[in-house]
Structure formats: structure tokens, C-alpha cells
Amino acid sequence: MKLSRELINNLIDVTSNSAIACFPYIGKNEKILADKAATDVMRDKLNKLNINGEIVIGEGELDEAPMLYIGEKLGNEAGPDIDIAVDPVEGTNFVAKNLPGAMTVLAVSKKGNLFNAPETYMEKIAAGNHIPKDTIDLDFSVEKNIKNYSRATDKKPNEITVCILDRPRHKKIISELNRLNVNIKYISDGDISGALLVSDKKFGVDIFMGTGGGPEGVIAAAALDNLNCKFQGRFLFNTNENITRAKKMGINDLNKKYEINEIVKGESIFCATGITSSELMNGVLKKDDRFITETIVAYNKSTLKLVKKEISIT
Ligand code: VTB
């Protein structure tokens, strides 16, 4: 079975409508309402598709979240068996404050091919498709990664830009990058977008590194795999609760470094619609009787596509 063109178009429709559902909440300081609006629409739209889908990455587990929980079945069962990873609002702070970078995201694969990520942190490293395999690695020091990248690309450290979440936990990495004279692009949230910035030279980011959400790591890996980029991730289990949950999910080696093809196997589709604008795409725009959306789509080992859509206001 191939993931069909029809499915891709339907998924673009799903994320576009979810992003539109957030539109009334942009800049309204209502994170929870924005998330609920996007989630409700996403769920409703996915349920109408000809798929036999199951959420493997969602808004938590059944007891924590009423919607799009891990294990929830979606679709009318008249289609392929697929795994679905969703992040109805990546960057709820951005929507709340009307800041750039909020988007509604999903990734799908055939059943069993997307890693069921626990709700823990993940150490991540990503780079573009222009460097040889083994240039960067989670097990290398910051210095070794930069030196290797510098050698592979013929760029001096001061011509290299690393994107990283601005968090106190990254103090050591950041001081190393400063010592090496590497440029830093700090992001306040939204590390799926951060990781995606390595996919095209026009975004000016060479390497993405640091620790962010595990579920976001899996979704980013699906996109980067389709774009032939490099990605590795390692979950961090730092509470007893996390460890118990990991074991329940079948993860025995808690320190395992995952290669991109262990996180996403075979074919997948990634799509993300802008709620507010970013380097990747424009946010939802209201014009007369229509909404205009922009969605980035990655599938079939190709480049990132930008799809514009006009949806009538009903
Ligand atoms: C990231 C980012 C999210 O959480 O995963 C980050 O992609 C990690 O968590 O947009 P901390 O905020 O605890 O560092 C977000 O920023 C918010 O979910």
C-alpha cells in the first residue's frame, strides 16, 4: 500500500482547518481555548477520513486529555491502517501572544512505523542533507560536532549557525558554542520548526541541537526523514513515573540513541499549517469571505512543499 495523494490532500485540509479554528484566539492570551479549538476540528476532520487510524502521539493519555489521546482510534475504518502523530497547536504561547511561529502539525505513517514516544524530553541533533553521514552525532561533544561540520562544509565556526531552545538546561552547550565562536539562533518555543530550519540553506541554520519535547522530536524526524536530512534523538527519563511509563511502552534500553529510521520507518507524510507567520510559512489570513492558509508538506523523500489553500468562511 502507498500513502496516497488523496490522503496527503486530506491531511492538508485537516491542518488548514485546525489552524483556522485557532484564528479567533490569536493574541487573546487563551492558550487552552486555542488548543481546544484546534484539537476539536482536527479530531472531527480526521474522523471523517477513509482511514483506520490510531493516535500514537497526541495530547497525552486518556486520563489526562479528553481529546486526541494516545491510543484513540480515528477515521471511518474504510481505508489504510495508519499511525497518526498530532500537535494541534505547536507553540501555544505564540498563539496566545500573537508571536511568529505557531502552527498546527501532524504526521502519519503506515501502522507500526512511527515511534510511540513517551511524554518526556528528548535530546536532539539535526542537520541538512548536504553533509556526509556520521558528521554529527549525539555522542560527540559540541566541539567535535562543530569541527566535523566545519570540515564537511568548509565553513569556519563563525560562519556556522546553531539553532537551540533558549532554556537554562542548555547553558553548557551555549557556553561551548560561544567559546567556539559559533552563531546561535535562539528559539523560545517550537522546536519542530527549529529542527526544520536545517532543511534548506535559505533558513540560515546549519545544526539544530538541544533538549525539547520527545513527541515533537518524533514529528520533526518524520519531516526530516522525508527531506533526507540528519536526525538523532535520545529520550530522557528522569522521573520514576517516566521510567515506569517507558517500560510499559516496551522501551527497555532507557539510554538508547535513536537513528532517524528507528523513529520513523518507511513512508510517512508530514504537514504543518501556519497559525501565525514564521520563516517556514505564513499564518492564517482572513480576506473578505475566505481564509487563506499556508501548509508545508514533506513526503516521498522530496523537498519541502508549500501549499496555499483558500477556504470559505461558512
Ligand atoms: C519544545 C517546543 C514546544 O516545549 O518541545 C518545548 O517544541 C520543550 O519543553 O513548543 P520546555 O518548554 O519544558 O522546555 C514547547 O516549547 C511548548 O510545548
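Whatever order the structure lists them in is the order used to number ligands and atoms, beginning at 1. Computed from a predicted structure; not experimentally measured.
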- Lys257/Asp137 ion pair, N-O < 4.0 Å: yes
- Message: What protein heavy atom lies closest to atom 5 (O) of ligand 1? Include the residue and the distance to one decimal.
- Response: Gly213 N, 2.8 Å
- Query: Got Thr153 and Asp206 here, is their nearest side-chain heavy-atom distance under 4.5 Å?
  - Reply: no
- Side-chain hydrophobic cluster, 4.5 Å single linkage: members besides Leu285: Ile292
- Task: Give the residue, atom name and distance (to 0.1 Å) of the protein heavy atom nearest atom 1 (C) of ligand 1.
- Result: Asp191 OD1, 3.5 Å
- Message: When you measure from the centre of the six-membered ring of Phe208, is the NZ or CZ of Lys185 closer than 6.0 Å and no more than 45° off the axis?
- Response: no
- Tell me: protein heavy atom nearest atom 17 (C) of ligand 1, and distance? Asp189 OD1, 3.7 Å
- Query: For Tyr258, which residues count as a ring pair (Phe, Tyr, Trp, His ring centres under 6.0 Å) partner, sequence neighbours excluded?
  - Reply: Phe115, Phe235
- Message: Can you report which non-hydrogen protein atom sits closest to atom 12 (O) of ligand 1, along with the distance?
- Response: Arg167 NH2, 3.0 Å
- Salt-bridge criterion met for Lys256 and Glu262 (N-O under 4.0 Å): yes
- Task: Go through ligand 1 atom by atom and flag the ones less than 4.0 Å from a non-hydrogen atom of Arg169.
- Result: 8 (C), 11 (P), 14 (O)
- Heavy-atom nearest option to atom 10 (O) of ligand 1, drawn from Ala102, Gly190, Gly210, Ser193: Gly190
- Shortest protein contact, atom 18 (O) of ligand 1 (heavy atom only): Glu216 OE2, 4.0 Å
- Task: Could you tell me whether the side chain of Thr120 reaches within less than 4.5 Å of the side chain of Arg245, counting heavy atoms only?
- Result: no
- Query: Looking only at distance, does Lys124 have an N or O less than 3.5 Å from an N or O of ligand 1?
  - Reply: no
- Item | Nearest-neighbour protein heavy atom for atom 9 (O) of ligand 1, which is reported as residue plus atom name and distance | Tyr121 CE2, 3.5 Å
